[in-house]
Amino acid sequence: MKITSARVIVTCPGRNFVTLKIETDQGVYGIGDATLNGREKAVVSYLEDHVIPCLIGMDPRNSEDIWQYLYRGAYWRRGPVTMRAIAAVDVALWDIKAKMAGMPLYQLLGGRSRDGVMVYGHANGSDIAETVDAVGQYIDMGYKAIRAQTGVPGIKDAYGVGRGKLFYEPADAALPSVTGWDTRKALNYVPKLFEKLRETYGFDHHLLHDGHHRYSPTEAAQLGKALEPYSLFWLEDVTPAENQEAFKLIRQHTTTPLAVGEIFNTIWDAKDLIQNQLIDYIRATIVGAGGITHLRRIADLASMYQVRTGCHGATDLSPVTMGTALHFDTWVPNFGIQEYMRHTPETDEVFPHDYRFEAGMLYVGDTPGHGVDIDEALAAKYPYKPAYLPVARLEDGTMWNW
Ligand SMILES: O=C(O)C(=O)C[C@H](O)[C@H](O)CO
Ligand SMILES: [Mg+2]
């Protein structure tokens, strides 16, 4: 069996997506997501100029060997561009393998470990009152777990406050828009949001919050401690994770569970955090961390330390990643939760899929493969539009982490 062609499809049905389609001499094809929000074209070039020429003629059944070929063979290992390109190839090859076997992908991974996948949605508002309402709407839709982000008085365009009710779409401008940050103001305000949420809705739902890499380790510890009475499911990316040692300090001071890893590319980014039991949830996902082949290694390492999975699932991860993640989540023994930001109806039309939401859970279908396709004719109607993620500055102009 041979790979006969591989093509990159770029489409913007409301936001940009990069998709790889691999075709074979047996008429079976596979689809993989390669979207890197705000830097999409870098992955397009990596795939078209440096990966696809090597793939033609290879046996698509050898997905492990092809993964190693692309990872070791590049010599320049890791990084978001390389690992997204590898992920796209890997997912397309698993899709082909599962289609050839006539099975849904989760069967090839080891079958079902659960009936459905608990997801969390994104509630946000410009202040506490609006955010409390938004959380209520998610509860009414049946969600069991909800991430809550609020605007903070005195902070311009605080992280996580969206333009739409059901999703947050930060990549919104042809050049990066400038947002603000003020740690003191956030530290004073965010605990009040969770106090109000628990007062209003009680303790039956899981609540989550994303610090989005903004706090220092000491400030992160303060926030974790202040949130303890409200029993969060997790506090995410509360400090940047390049320096994994920093989490030791946070851990000494708070029992609020910690989640990290949506920007991780490989097991090496997560290794010390996991082995030192400095986090509770690992957020690495299919498209970010080299596809199924690599993510399952991260999950296996995590399982030894009782760290559970919590795959990233923002709107910049295409339905192909969402569908594939759901197969992974349906199988992975140490599953924790899956993020689920709804895509626009236009995106759902371009990427027909068989997963479905019901009562706070997502369920995979039994279509052979990962169950997500691309309508190429429709995709062609939505040309690429440059869109950057914002940047963040402190009040005095100092550049901060967005
Ligand atoms: O979903 C989350 O937790 C995020 O932090 C979303 C990110 O800001 C988004 O994926 C960036 O592209
Ligand atoms: Mg996040």
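Bear in mind the structure is a predicted one, so any value in this text is a computation, not a measurement.
Judged purely by distance below 3.5 Å, without hydrogens or angles, the side chains of Y29 and D373 pair a donor atom with an acceptor atom. Checking T35 against D316 by side-chain atom types alone, no donor-acceptor pair falls below 3.5 Å. Using modelled atom types, one finds a donor on one side chain and an acceptor on the other under 3.5 Å when comparing R15 with N37. Donor-acceptor pairing under 3.5 Å is recorded for the side chains of T344 and T347. The closest side-chain donor-acceptor pair between S45 and E48, if any, does not fall under 3.5 angstrom. Side-chain contact annotation: T131 with Q149, donor-acceptor N/O pair under 3.5 Å absent.
R114 has no carboxylate O lying under 4.0 Å from a charged side-chain N of D329, or vice versa, which leaves the two without a salt bridge. Looking at E23 and R7, a side-chain N of the basic residue comes within less than 4.0 Å of a carboxylate O on the acidic one, giving a salt bridge. R283 and E339 are joined by a salt bridge, as a carboxylate oxygen and a charged side-chain nitrogen come within less than 4.0 angstrom of each other. Using a 4.0 Å cut-off between a side-chain N of Lys or Arg and a carboxylate O of Asp or Glu, R308 and D280 do not qualify as a salt bridge. A salt bridge does not link E245 to R251: none of the charged side-chain nitrogens sits closer than 4.0 Å to a carboxylate oxygen. A salt bridge between K381 and E349 is absent, with no side-chain N of the basic residue lying under 4.0 Å from a carboxylate O of the acidic one. Between D182 and R184 no salt bridge is recorded (no basic side-chain N to carboxylate O distance below 4.0 Å). A salt bridge does not link R296 to D300: none of the charged nitrogens lies less than 4.0 Å from a carboxylate oxygen. The pair K196-E199 meets the salt-bridge criterion, since a charged nitrogen lies less than 4.0 angstrom from a carboxylate oxygen.
Below 30°, between 30° and 60°, or above 60°: for F351 and F17 the angle between ring planes is above 60°, a perpendicular geometry. Taking the six-membered ring where the residue is Trp, Y215 and W181 present perpendicular rings, their angle passing 60° and hence far from 30°. Y159 and H212 have parallel rings, their planes meeting at less than 30° on a 0 to 90° scale where 60° marks the start of perpendicular. Between Y138 and Y143, the ring planes are perpendicular. Angles over 60° get that label, and only those under 30° would be called parallel. Relative orientation of the H206 and F233 rings is perpendicular, given thresholds of 30° and 60° on the angle between their planes.
Taking CG of D90 as the reference point, atom NE2 of H294 lies at 10.5 Å (rounded to 0.5 Å). Expressed to the nearest 0.5 Å, how far OG1 of T315 lies from CD of E169 amounts to 3.5 Å. Atom CZ of residue F328 and atom CG of residue L295 lie 3.5 Å apart, to the nearest 0.5 angstrom. How far CG of L105 is from CE of M103: 11.5 Å, rounded to the nearest 0.5 Å. We find the CD-CD1 distance between Q244 and I274 to be 8.5 Å, quoted to the nearest 0.5 Å. Note that OG of S303 is 12.5 Å distant from CD1 of I282, once rounded to the nearest 0.5 Å.
Ring to ring, W76 and Y71 are not that close: their centroids are 6.0 angstrom or more apart.
Listed for the D237 side chain is no donor-acceptor partner under 3.5 Å among the backbone atoms of G211.
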Verdict with reasoning, V81 to R39, per side chain to side chain contact (heavy atoms under 4.5 Å, CB included):
CA-CA 9 Å; V81 176; R39 298 289 188 273; 5.8 Å; no
For a ring-ring contact (aromatic ring centres under 6.0 Å, His included) check, start with the C-alpha distance between W331 and Y106, then their side-chain angles and the critical distance, and finish with the verdict.
CA-CA 6 Å; W331 155 73; Y106 69 82; over 10 Å; no
Output, in order, the C-alpha distance, side-chain angles, deciding distance and verdict of side chain to side chain contact (heavy atoms under 4.5 Å, CB included) for V119 and M361.
CA-CA 6 Å; V119 297; M361 313 282 282; over 6 Å; no
Applying side chain to side chain contact (heavy atoms under 4.5 Å, CB included), run through T24 and K2 and close with a yes or a no.
CA-CA 6 Å; T24 68; K2 282 189 171 36; over 6 Å; no
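With sequence neighbours excluded, no residue forms a side-chain hydrogen bond (donor to acceptor under 3.5 Å, both in side chains) with K144. Residues meeting the salt bridge (Lys or Arg N to Asp or Glu O under 4.0 Å) test with D354, sequence neighbours left out: none.
Figure legend: R342 and F357 shown as a cation-pi pair, the cationic atom lying under 6.0 angstrom from the six-membered ring centre and within 45 degrees of its axis.
Counting only heavy atoms from C-beta outward, the side chains of L232 and F194 approach each other to under 4.5 Å.
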